[in-house]
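Take a look at the structure set out below.
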Amino acid sequence: MKIIAKVRYVDFQKRSHVVEIESDSADRRHLEDLVKARYPADKVYFQSVRQK
């Protein structure tokens, strides 16, 4: 089962970015770790998490 998460993250310069992440897990902590691994995110806010 594929999960699509739409998230907004704030970087170290306090700029806001909106991205979509695809994962196999719907666990919020796992999704947050994926965002922080791919992008320079300080804070992560979830807009939606849904099945593909």
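Along the sequence shown, residues are numbered consecutively beginning with 1. Reckoned from all heavy atoms, side chains included, excluding hydrogens, waters and symmetry mates. Everything numeric here is computed off the predicted structure, so don't read it as measured data.
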Checklist entry - In the single-linkage hydrophobic clustering (I, L, V, M, F, W, Y; side-chain heavy atoms under 4.5 Å), do Val19 and Tyr45 co-cluster? => result no
Item to check | Tyr39 side chain near Asp11 side chain, heavy-atom distance below 4.5 Å | outcome: no
Next on the checklist: Can you tell me how far apart CD1 (Ile3) and CG (Asp27) are? Round to the nearest 0.5 Å.
Outcome noted: 11.0 Å
Checklist entry - Can you check side chain to side chain contact (heavy atoms under 4.5 Å, CB included) on Ile21 and Arg38, steps first, answer last? => result CA-CA 10 Å; Ile21 297 291; Arg38 292 183 188 178; 3.7 Å; yes
Next on the checklist: For Glu32, is there an ion pair with Arg28 - N to carboxylate O distance below 4.0 angstrom?
Outcome noted: no
Checklist entry - Do Asp24 and Lys2 touch side chain to side chain, with heavy atoms closer than 4.5 Å? => result yes
Checklist entry - To the nearest 0.5 Å, what is the distance between NZ (Lys14) and NZ (Lys43)? => result 7.5 Å
Item to check | For the student: nearest non-hydrogen atoms of Leu31 and Ser23, plus distance | outcome: CD2-CB, 3.6 Å
Next on the checklist: Is the shortest side-chain heavy-atom distance between Gln47 and Arg8 below 4.5 Å?
Outcome noted: yes
Checklist entry - Do Lys6 and Val18 have side chains that get closer than 4.5 Å, going by heavy atoms? => result yes
Next on the checklist: With a 4.5 Å cut-off on side-chain heavy atoms, are Val7 and His17 touching?
Outcome noted: no
Checklist entry - What is the minimum heavy-atom distance between Leu34 and Glu22, and which atoms define it? => result CD1-O, 4.4 Å
Item to check | Single-linkage hydrophobic cluster Val10~Val44, side-chain heavy atoms < 4.5 angstrom | outcome: no
